[in-house]
**Student:** 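Got a structure for you, written out below as structure tokens; questions coming shortly.
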Amino acid sequence: MTMTSRAQTYKGMKDYLPREMRLRQYIMKTLTEVAERYGFEPMQTPIVEYESTLAGKLGDDEKLIYRLQYGDDRLALRYDQTVSLARVVGQYPNDITFPFRRYAFGPSYRGERQQRGRFREFYQFDLDIVGVDSRVADAEVVAVISESLARLGFTNYRILLNHREVLSGLARVAGVPEEQASQVYRAIDKFDKIGVEGVHSELSKGGIGEDAAAPIVEFITLEGEVQAVLGAMRERLGADERALQAVLDLGAVVQLLQDLGVPEEAYAVAPRLARGLSYYTGVVFEAVIEQPPIGSLLGGGRYDRLIGSFAGREVPTVGTAFGIERLQIVMTELGLAPEESTAPRAFVTIFGAELQGDALRLAAELRAAGIPTVAALQPDKLGKQLKEADAKGVRYALVVGPDELTRGEVVVKDLRSGEQRSVARAAVAEALK
RNA sequence: GUGGCUGUAGUUCAAUGGCAGAGCGCCUGAUUGUGGUUCAGGUUGUUGUGGGUUCGAGUCCCAUCAGCCACCCCA
């Protein structure tokens, strides 16, 4: 008796079939190229960590960690790649020299309920500069982000910049007690979803008085030209030493972005950007697009007190994480996926059983010449073979029939234009380049 | 994890509690040396899954799985 098992992926996890994998690999390749160009080095760590490594780094949200046990070993799946980076910094003090610029690509796991662009298994491209508290480092990370998104074909993205101390300063200046500050951040973070009125009522609901709520709401609606926004921030936070320094830091980063050649329309100072803010200590940023809706494509910032937790001292770090699934979703919807760059270049048809050997020898020659080549698997009708080639997105179909064989030639058909010509066997590889 | 909405052919969608349909796709032929366009014909179902109510369920009820939205959080 045979039993058919239920074919079903686990909730919140996805299979990626070839069509999607092509795009995902293109995204990874593009991000890697840009990172390498800025001098970042590759790194990879295990998905599985000791539970004790991950414990205590995520506060209340430890319930969404996947835990597993093997024998007596208590283990967990990483929920991001940042804690693993911290462990590496603590584990290999002699192998890592600061500043450490590294990138890492891989999956992480969180037991959240699935939504668009949010999965239980999700891939991130992480990029960090570890060990130096410098505005140049902050700006370099933002520059990589901007160049990466541009290279992927985005034209309507914007990188929002803010600073953790700007928001905590705002709370102080508005007179919000420190223990209520995180409520303020959370309300601010919803601005894009619920609007000014929504934030206002969120604040009231959270027990924030009108005297405090009014200036907060006024502050987060600031937008426009970068220097104007910075000026307005300085004006409103002038009484708070730390907040003032934070505004100066933002101004410095903006200047450095200009020096690095980041186009002005690529970023904006956004007082409304709150993020989780749980472990950020300095500049924070987030890349967004107007359409289609996806939340953020990536997020990041400076977190000077997390990476050193395994090293026993502070290791200032700035970094970001690209959300691969989110990039994949919006690139698909915007039609930014590259068309044929990854499809095979040539399709060698098999004219008939007796010509199969000639076809396969031709395929072997083309592959040796570095041309990605698909060979037909059986001598079907020529029309059917061409149809397969077309369906796979292959640019050139090759035909070796009796006539061609006699003349020592090969028919090269361009499936895009429909034109075809007969080419000397020895010149085929060259003709396909 | 909590609350809500949704689930029909490969896909996009129809179907008052009464015979499960259409476009696109797919297959065959026109065309025994040519795809994509055209024409002719054909195919497509455990209505997510399992129960229940009913003479009768895609439709109503319960459970379950999955997706989406909000919360939470964030990539």
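Source: prediction; values computed, not measured. Just so it is clear: chains get the letters A, B, ... in the order the sequence lines come, proteins before strands, and each one is counted from 1.
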**Student:** Just wondering, do A:Ile27 and A:Phe322 contact through their side chains at under 4.5 Å, heavy atoms?
**Tutor:**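 In short, these two side chains do not touch, never coming nearer than 4.5 Å.
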**Student:** Just the atom pairs and distances: protein N or O near nucleotides 2-4 of chain B's N or O, under 3.5 Å.
**Tutor:**
unit_1	atom_1	unit_2	atom_2	d
B:rU2	O4	A:Arg113	NE	3.4
B:rG3	O6	A:Arg113	NH1	3.0

**Student:** Do you see a donor-acceptor pair shorter than 3.5 Å between the side chains of A:Gln81 and A:Ser108?
**Tutor:**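 A:Gln81 vs A:Ser108: no donor-acceptor pair found between side chains.
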**Student:** May I ask you to check whether A:Gln328 and A:Tyr16 show a side-chain donor-acceptor distance below 3.5 Å?
**Tutor:**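 Short answer, no.
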**Student:** Nearest whole angstrom, please: distance from the P of B:rC74 to the CG of A:Asp192.
**Tutor:**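 Rounded to whole Å, this separation is 16 Å.
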**Student:** Could you run down nucleotides 26-36 of chain B 5' to 3' and tag each one B, S or - for protein heavy-atom contact under 4.0 Å?
**Tutor:** -S-S---BBBB
**Student:** So, are A:Arg421 and A:Asp414 salt-bridged, with charged N and O less than 4.0 Å apart?
**Tutor:**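 No, A:Arg421 and A:Asp414 are not salt-bridged.
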**Student:** If the plane angle is over 60° it's perpendicular, under 30° parallel, otherwise tilted; pick one for A:Tyr280 and A:Tyr303.
**Tutor:**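 A:Tyr280 vs A:Tyr303 ring planes: perpendicular.
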**Student:** Name the stems with RNA chain B in them: runs of three or more consecutive Watson-Crick or G-U pairs, distances under 3.5 Å?
**Tutor:**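 So far as stems of 3 or more pairs are concerned, RNA chain B shows B:1-7 with B:65-71, B:10-13 with B:21-24, B:26-30 with B:38-42, B:48-52 with B:60-64.
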**Student:** Write down the distance separating the P atoms in B:rG36 and B:rU28, rounded off to the nearest Å.
**Tutor:**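 Nearest-Å result for B:rG36 against B:rU28 at atom P: 11 Å.
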**Student:** Rounded off to whole Å, could you give me the CG-to-P distance for the A:Leu160 and B:rC74 pair?
**Tutor:**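 In whole Å, B:rC74 P and A:Leu160 CG are 17 Å from each other.
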**Student:** Is it the case that A:Tyr10 and A:Arg120 place a side-chain donor and acceptor less than 3.5 Å from each other?
**Tutor:**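 Result is yes, a qualifying pair exists.
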**Student:** Take A:Tyr123 and A:Phe105, measure what ring pair (Phe, Tyr, Trp, His ring centres under 6.0 Å) needs, and give me the verdict at the end.
**Tutor:** CA-CA 7 Å; A:Tyr123 280 71; A:Phe105 176 83; 5.6 Å; yes
**Student:** Determine yes or no for a side-chain-to-main-chain donor-acceptor pair under 3.5 angstrom, with A:Thr320 supplying the side chain and A:Gly299 the backbone.
**Tutor:**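 Side chain of A:Thr320 to backbone of A:Gly299, a donor-acceptor pair under 3.5 Å: yes, one is there.
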**Student:** Let me know which of A:Thr82, A:Val83, A:Leu77 forms a side chain to side chain contact (heavy atoms under 4.5 Å, CB included) with A:Tyr79.
**Tutor:**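 So, applying the side chain to side chain contact (heavy atoms under 4.5 Å, CB included) to A:Tyr79 and each of A:Thr82, A:Val83, A:Leu77, only A:Val83 qualifies.
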**Student:** Can you tell me, in whole Å, how much space there is between the P of B:rC74 and that of B:rG3?
**Tutor:**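 So the two P atoms sit 23 Å from each other.
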**Student:** Given atom CZ of A:Phe119 and atom P of B:rG67, what is their separation to the nearest angstrom?
**Tutor:**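 Whole-Å distance recorded here is 8 Å.
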**Student:** Do A:Tyr157 and A:Ser146 have side-chain N/O donor and acceptor atoms under 3.5 Å apart?
**Tutor:**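 Looking only at side-chain atoms, A:Ser146 and A:Tyr157 do form a donor-acceptor pair, the distance falling under 3.5 Å.
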**Student:** Can you give me the closest heavy-atom contact between A:Ala346 and A:Ile371, atom names plus distance?
**Tutor:**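 Shortest heavy-atom separation between A:Ala346 and A:Ile371 comes out as CB-CG2, 4.3 Å.
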**Student:** Tell me: CD of A:Gln114 to C1' of B:rU6, nearest whole Å?
**Tutor:**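 One finds 14 Å between C1' of B:rU6 and CD of A:Gln114, rounded.
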**Student:** Between A:Glu165 and A:Arg172, is there a side-chain N and carboxylate O pair less than 4.0 Å apart?
**Tutor:**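 So A:Glu165 pairs with A:Arg172 through a salt bridge.
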**Student:** Tell me the interatomic distance from A:Leu297, atom CG, to B:rC74, atom C1', rounded to whole angstroms.
**Tutor:**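 Distance, rounded to whole Å: 13 Å.
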**Student:** Any side-chain N or O of A:Arg186 less than 4.0 Å from the OP1 or OP2 oxygen of B:rC71?
**Tutor:**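 Looking at the OP1 and OP2 atoms of B:rC71, neither is under 4.0 Å from any side-chain N or O of A:Arg186.
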**Student:** Tell me whether the OP1 or OP2 atom of B:rC68 has a side-chain N or O from A:Gln115 closer than 4.0 Å.
**Tutor:**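 Answer is no, no contact under 4.0 Å.
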**Student:** Reading RNA chain B from 5' onward, which residue's closest nucleotide shows up sooner: A:Met13 or A:Phe122?
**Tutor:**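 Result: A:Met13.
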**Student:** Would you kindly give the NZ-to-P distance between A:Lys14 and B:rC65, to the nearest whole Å?
**Tutor:**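 Roughly 21 Å, once rounded to whole Å.
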**Student:** Go through the steps for A:Arg425 and A:Glu409 under the test salt bridge (charged side-chain N to carboxylate O under 4.0 Å, His left out), then give the verdict.
**Tutor:** CA-CA 5 Å; A:Arg425 172 73 179 249; A:Glu409 296 183 336; over 6 Å; no
**Student:** Could you give the distance separating B:rU8 and B:rA66 at their C1' atoms, to the nearest angstrom?
**Tutor:**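 These two C1' atoms come out 16 Å apart once rounded.
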**Student:** Just by distance, with hydrogens left out, do A:Asp80 and A:Tyr109 show a side-chain donor and acceptor under 3.5 Å apart?
**Tutor:**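 Side chains of A:Asp80 and A:Tyr109: no pair found under 3.5 Å.
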**Student:** How far does the C1' atom of B:rU54 sit from the matching atom of B:rU43, given to the nearest Å?
**Tutor:**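 It comes out at 35 Å once rounded to the nearest Å.
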**Student:** What pairs of nitrogen or oxygen atoms, one from the protein and one from nucleotides 10-12 of chain B, lie under 3.5 Å apart?
**Tutor:**
none

**Student:** Mind checking A:Ala321 for me? I need base, sugar-phosphate or nothing, with any heavy atom below 4.0 Å counting as a touch.
**Tutor:**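 Sugar-phosphate, no base atom in range.
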**Student:** Using a strict 4.0 Å threshold on nitrogen-to-oxygen distance, state whether A:Lys392 and A:Asp390 make a salt bridge.
**Tutor:**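 No.
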**Student:** I need the single residue from A:Arg24, A:Arg116, A:Arg118 that forms a salt bridge (charged side-chain N to carboxylate O under 4.0 Å, His left out) with A:Glu325. Which is it?
**Tutor:**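 The single option meeting the salt bridge (charged side-chain N to carboxylate O under 4.0 Å, His left out) with A:Glu325 is A:Arg24.
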**Student:** Given A:Val428 and A:Tyr396, is the side chain to side chain contact (heavy atoms under 4.5 Å, CB included) satisfied, shown in steps?
**Tutor:** CA-CA 11 Å; A:Val428 174; A:Tyr396 295 103; over 6 Å; no
**Student:** Counting only non-hydrogen atoms, which of residues 144-158 of chain A are less than 4.0 Å from RNA chain B?
**Tutor:**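 When residues 144-158 of chain A is checked for heavy atoms under 4.0 Å from RNA chain B, there are no hits whatsoever.
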**Student:** Please check the phosphate of B:rC71 (OP1 and OP2 only) for any side-chain N or O of A:Lys193 closer than 4.0 Å.
**Tutor:**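 Yes, such a contact exists.
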**Student:** From NZ of A:Lys11 over to C1' of B:rU64, roughly how many Å is that when rounded to an integer?
**Tutor:**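 Going from A:Lys11 (NZ) to B:rU64 (C1'), I get 10 Å.
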**Student:** Please state the P separation for the pair B:rC62 and B:rU53 - nearest whole angstrom.
**Tutor:**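 Pairwise P distance, B:rC62 against B:rU53, rounds to 15 Å.
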**Student:** With P as the reference atom in both, quote the distance from B:rG42 to B:rC69 in angstrom, rounded to an integer.
**Tutor:**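 The same atom, P, in both gives a distance of 42 Å.
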**Student:** Report which part of the nucleic acid A:Lys392 touches: base, sugar-phosphate, or nothing (heavy-atom distance under 4.0 Å, all strands).
**Tutor:**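 Touches nothing.
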**Student:** Starting at atom CZ of A:Arg120, determine the distance to atom P of B:rC68, rounded to an integer number of angstrom.
**Tutor:**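 To the nearest whole Å, that distance equals 12 Å.
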**Student:** Can you tell me which residue among A:Arg78, A:Arg101, A:Arg102 is in a salt bridge (charged side-chain N to carboxylate O under 4.0 Å, His left out) with A:Asp126?
**Tutor:**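 Exactly one pass, corresponding to A:Arg102.
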**Student:** Would you give a per-nucleotide map of nucleotides 37-44 of chain B, 5' to 3', where B means the base has a protein non-hydrogen atom under 4.0 Å away, S means only the sugar-phosphate does, and - means neither?
**Tutor:** --------
**Student:** Is any side-chain heavy atom of A:Leu336 less than 4.5 Å from a side-chain heavy atom of A:Tyr26?
**Tutor:**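 With C-beta onward as the side chain, the pair stays apart.
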**Student:** Can you check the distance between B:rG21 and B:rG29, where both ends of the measurement are the C1' atom (answer in whole Å)?
**Tutor:**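 B:rG21 and B:rG29 have their C1' atoms separated by 26 Å.
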**Student:** Over all strands shown, is A:Gly352 touching base, sugar-phosphate only, or nothing at heavy-atom distances under 4.0 angstrom?
**Tutor:**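 Touches nothing.
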**Student:** Under 4.0 Å, heavy atoms only, any strand: does A:Ile324 hit a base, just the sugar-phosphate, or nothing?
**Tutor:**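 Result for A:Ile324 = nothing.
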**Student:** Between B:rU32 and B:rG48, how far is it from one P atom to the other, in whole Å?
**Tutor:**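 Approximately 43 Å lies between the P atom of B:rU32 and that of B:rG48.
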**Student:** For the side chain of A:Arg118 and the base of B:rC73, is some donor closer than 3.5 Å to an acceptor across the two?
**Tutor:**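 Yes, a donor-acceptor pair under 3.5 Å.
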**Student:** Can you confirm whether the side chains of A:Thr30 and A:Glu33 place a donor and an acceptor under 3.5 Å from each other?
**Tutor:**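 Side-chain D/A pair, A:Thr30 to A:Glu33: absent.
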**Student:** List the steps, then state whether salt bridge (charged side-chain N to carboxylate O under 4.0 Å, His left out) holds for A:Glu202 with A:Arg186.
**Tutor:** CA-CA 9 Å; A:Glu202 279 289 306; A:Arg186 222 175 301 130; over 6 Å; no
